[in-house]
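First comes the structure, then the notes that go with it.
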There are 2 protein chains.
Amino acid sequence: MRVINFNGGPAVLPMPVLEQAAAEMLDWNGTGMSVMENSHRSKEIAAMAAETQETLKQLLGLGADWSVLFCQGGASLQFAMLPLNFAPAGAVSDYVDTGLWSTKALEEAKICGSSVHVAASSKADDYTYIPREYSFSESPRYIYLCSNNTVRGTRWPSFPKNAPAPLVGDFSSEFLSRPLDLSDFSLVFAGAQKNVGPAGLTIVLIRPDFAAAGQKGLPHMLDYRTYLANDSMYNTPPVYAVYIAGLVFKWLRDVMGGLEKMEAYNQDKADLLYDCLDQSGGFYRGTARPDSRSPMNVTFRLTNEELEKTFLAEAKKEGLVGLGGHRSVGGVRASLYNAMPRESVQTLISFMKNFMAKNG
Amino acid sequence: MRVINFNGGPAVLPMPVLEQAAAEMLDWNGTGMSVMENSHRSKEIAAMAAETQETLKQLLGLGADWSVLFCQGGASLQFAMLPLNFAPAGAVSDYVDTGLWSTKALEEAKICGSSVHVAASSKADDYTYIPREYSFSESPRYIYLCSNNTVRGTRWPSFPKNAPAPLVGDFSSEFLSRPLDLSDFSLVFAGAQKNVGPAGLTIVLIRPDFAAAGQKGLPHMLDYRTYLANDSMYNTPPVYAVYIAGLVFKWLRDVMGGLEKMEAYNQDKADLLYDCLDQSGGFYRGTARPDSRSPMNVTFRLTNEELEKTFLAEAKKEGLVGLGGHRSVGGVRASLYNAMPRESVQTLISFMKNFMAKNG
């Protein structure tokens with residue numbers, strides 16, 4: 001029996017996608033073999049990969065000034081590839097620190113020799129909000145941000161304008177949850193395991209002219225130009241994950257109706273849950289400042305840790321799983337990614353109201 | 001309908017593994033969700049990953065002096081990680097050049113600043129054999145070899161003894177096709193997409209003391225110690241690929257009976273096909289020297305390229321696919337990985353005899 005899966009990532013995927021993947025496991029697309037068994041040099045896989053890239057560009061409204069790369073190694077490898085390519089030893093890069101993942105990114109840039117300037121940080125306030133004012137350095141190579149913070153449940157409502165350098169960013173946990181205006185960005189990346197597909201695929205959107213200006217002499221697999229010049233097939237890409245991503249993109253376009261409708265659907269789900277918190281008279285306390293609340297990850301606390309344990313255990317008995325907060329902060333987190341149905345959020349809210357009635 | 005899949009990689013996987021993966025796509029192991037949807041921090045995934053490591057060590061007879069890592073980026077990223085960790089700028093590393101993939105590895109080491117010494121090469125003879133004599137440098141950090149060459153159809157029959165440094169190697173296309181004596185090795189790696197599972201997972205076997213002596217100050221995802229210290233979960237590993245690998249390892253142990261039996265089965269398949277070549281009176285010409293023939297990749301030519309085209313086209317019509325040689329050399333290549341049944345090799349041989357009768 002399927003449960004209701006509130007995992008922060010890897011996370012819930014659309015049922016029709018999983019059903020199709022299961023149905024064509026032994027014979028995909030008339031090839032007489034699984035996607036996993038097809039050569040990445042076959043015309044069928046080439047067409048599938050190209051269609052996946054095109055569907056993604058279509059969803060985001062991207063033109064020829066953007067390329068879609070299929071990388072590996074997750075956001076954590078991007079944390080190193082970014083400075084290695086664009087802010088090598090001695091060069092300055094600006095980071096906005098909004099929590100665990102942006103902190104890891106800036107620490108990795110330091111390891112790579114980049115001279116890191118923190119342009120803004122909400123660390124002093126326990127990362128409960130997204131800063132709105134920034135003190136950028138004079139001529140950074142790029143300005144880095146993490147657009148959605150899974151641990152703290154915050155999301156950038158909008159992005160800096162007139163910044164002194166291209167924006168680059170980690171969009172992992174909100175990628176494809178809303179339309180994106182990427183006009184001030186030169187590179188964004190997203191680990192697949194939230195809104196895209198299985199872990200092991202990292203989607204990178206990059207402007208080719210930005211890539212071209214990067215550092216020379218890097219190992220092939222760490223140089224964005226390698227992926228651009230070989231259409232992400234310098235070596236064998238994670239083909240099965242690309243295939244699942246392609247199915248998810250088509251589901252987003254054809255079933256959910258594209259990113260504007262997806263955003264409205266997601267905001268509605270999040271509003272339902274945040275309203276439940278706000279109307280609980282302090283029984284459930286949202287941890288993020290209201291102006292910075294993430295529709296993807298709703299983080300909250302109960303009045304004490306003992307009660308939180310009981311809450312999580314009873315939720316699990318009801319088939320509501322993955323509600324534990326990130327291991328670095330504890331508490332409760334309900335991740336409401338694209339594939340989480342509205343009805344499942346209503347089920348959670350009913351449970352929460354009952355739990356409060358019994359324990360309030 | 002399933003075809004007979006002679007792809008060089010990604011390649012054929014065992015039917016029972018694919019059937020199980022399809023059957024539990026929506027609900028794995030009682031979790032109420034797909035493997036892909038499970039948190040990598042869940043106890044179920046942790047147990048699955050640990051069991052996968054243990055089954056692999058059991059198959060190879062490895063003890064506590066070896067660790068199993070789940071990496072990403074394929075062999076191509078290992079080509080860089082090896083010198084970055086063990087032979088940084090100025091240090092000497094020795095390479096045996098047996099074809100395309102070892103050449104790529106040594107070129108990557110040069111990019112990483114390693115001072116590369118070629119200890120032996122069969123380049124002058126078109127990589128048709130594995131060298132048996134080596135001129136090692138005085139004190140290399142490691143000695144690199146590629147144990148099976150998919151492009152040229154050669155395999156190392158045995159490995160150098162009493163070498164002046166630890167052996168390291170790329171075992172991608174023969175991994176788990178035979179028992180391995182790793183006593184002279186300190187690190188071996190294998191891209192999953194031959195005998196292990198889906199592309200996007202790289203299995204690394206490493207001696208922890210070797211890893212500990214590596215270069216400091218590397219980006220986390222390029223430092224083997226990161227994987228060791230976090231049991232390959234510093235960030236989200238390619239969970240689905242690890243799961244398929246685990247199923248394949250159990251199939252190898254429980255259905256095929258382990259690596260000694262697997263080796264005998266593989267050698268028998270290869271002997272059948274090589275005999276067919278050798279008894280064809282020159283109609284089919286094996287490209288590898290008999291003493292260096294690979295049981296995994298049987299490469300051969302017909303008397304002219306036109307005939308090869310006809311051969312490949314007619315084979316495909318009979319459901320024998322993936323027989324084209326590597327794009328860098330052309331010709332014909334039949335890859336006979338673990339999951340290729342003996343009966344399928346016999347079907348190929350029948351086709352080849354008929355084709356020769358018609359065209360000889």
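Lettering of chains follows the sequences in order, A, B, ..., and the numbering in each one begins at 1. Keep in mind that this is a model prediction, so the values were computed, not measured.
Of the listed residues (A/Val239, A/Leu201, A/Leu13), the one with the most heavy-atom contacts under 4.5 Å to chain B is A/Leu13. Ranked by non-hydrogen atom pairs under 4.5 Å with chain A, the options B/Gly74, B/Ala11, B/Ala80 are led by B/Ala11. Contact count against chain B (heavy-atom pairs under 4.5 Å) is highest for A/Leu18 among A/Leu18, A/Ile45, A/Leu84. Between chain A and the residues B/Pro238, B/Ala339, B/Ala241, the largest count of heavy-atom pairs under 4.5 Å involves B/Pro238. When each of A/Ala199, A/Pro10, A/Gly200 is scored by its heavy-atom pairs under 4.5 Å with chain B, the top score falls to A/Pro10. Note on A/Leu77, A/Leu218, A/Leu26: by heavy-atom pairs under 4.5 Å with chain B, the leading option is A/Leu26.
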Chain B and chain A: which donor-acceptor pairs fall below 3.5 Å?
residue: B/Met1; atom: N; partner: A/Asp27; partner atom: OD2; Å: 2.9
residue: B/Arg2; atom: NH1; partner: A/Leu26; partner atom: O; Å: 3.0
residue: B/Arg2; atom: NH1; partner: A/Glu37; partner atom: OE1; Å: 2.7
residue: B/Arg2; atom: NH2; partner: A/Glu37; partner atom: OE1; Å: 3.4
residue: B/Arg2; atom: NH2; partner: A/Glu37; partner atom: OE2; Å: 3.1
residue: B/Val3; atom: N; partner: A/Gly32; partner atom: O; Å: 3.0
residue: B/Asn5; atom: ND2; partner: A/Glu37; partner atom: O; Å: 3.1
residue: B/Asn7; atom: ND2; partner: A/Glu37; partner atom: O; Å: 3.0
residue: B/Leu13; atom: N; partner: A/Glu37; partner atom: OE2; Å: 2.7
residue: B/Leu26; atom: O; partner: A/Arg2; partner atom: NH1; Å: 3.0
residue: B/Asp27; atom: OD2; partner: A/Met1; partner atom: N; Å: 2.9
residue: B/Gly32; atom: O; partner: A/Val3; partner atom: N; Å: 3.0
residue: B/Glu37; atom: O; partner: A/Asn5; partner atom: ND2; Å: 3.2
residue: B/Glu37; atom: O; partner: A/Asn7; partner atom: ND2; Å: 3.0
residue: B/Glu37; atom: OE1; partner: A/Arg2; partner atom: NH1; Å: 2.7
residue: B/Glu37; atom: OE1; partner: A/Arg2; partner atom: NH2; Å: 3.4
residue: B/Glu37; atom: OE2; partner: A/Arg2; partner atom: NH2; Å: 3.1
residue: B/Glu37; atom: OE2; partner: A/Leu13; partner atom: N; Å: 2.7
residue: B/Gln72; atom: OE1; partner: A/Gly73; partner atom: N; Å: 2.9
residue: B/Gly73; atom: N; partner: A/Gln72; partner atom: OE1; Å: 2.9
residue: B/Gly73; atom: O; partner: A/Asn235; partner atom: ND2; Å: 3.1
residue: B/Glu108; atom: OE1; partner: A/His220; partner atom: ND1; Å: 2.8
residue: B/Glu108; atom: OE2; partner: A/His220; partner atom: N; Å: 2.7
residue: B/Gln193; atom: NE2; partner: A/Thr236; partner atom: OG1; Å: 3.3
residue: B/His220; atom: N; partner: A/Glu108; partner atom: OE2; Å: 2.7
residue: B/His220; atom: ND1; partner: A/Glu108; partner atom: OE1; Å: 2.8
residue: B/Asn235; atom: ND2; partner: A/Gly73; partner atom: O; Å: 3.1
residue: B/Thr236; atom: OG1; partner: A/Gln193; partner atom: NE2; Å: 3.3

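Proximity to chain B (any heavy atom under 4.5 Å) is shown, for A/Pro83, by neither the backbone nor the side chain. Only the side chain of B/Val321 comes within contact range of chain A, with at least one heavy atom under 4.5 Å from a heavy atom of that chain. If you measure heavy-atom distances from A/Ile4 to chain B, you find no contacts under 4.5 Å at all. Contact of A/Met33 with chain B is made through backbone and side chain together, with heavy-atom distances under 4.5 Å. B/Leu222 touches chain A through its side chain: at least one heavy atom from C-beta onward sits under 4.5 Å away, while N, CA, C and O do not. For a residue to count as touching a neighbouring chain, one of its non-hydrogen atoms must lie under 4.5 Å from one of that chain's; by this rule B/Ala21 touches chain A with backbone and side chain alike.
If you take CZ on B/Phe70 and CD1 on B/Ile203, they are separated by 5.5 Å, rounding to the nearest 0.5 Å.
Between A/Ile111 and B/Gly217, the shortest heavy-atom distance links the atoms CG2-O, 3.5 Å. Nearest heavy-atom pair across A/Ala49 and A/Val242 is CA-CG1, 4.3 Å. Heavy atoms only, all atoms of each residue included: B/Ala315 and B/Phe351 are closest at N-CZ, 3.3 Å.
For A/Phe6, there are no ring-ring contact (aromatic ring centres under 6.0 Å, His included) partners at least two apart in sequence or on another chain.
A heavy-atom distance below 4.5 Å is not found between the side chains of A/Val196 and A/Val248.
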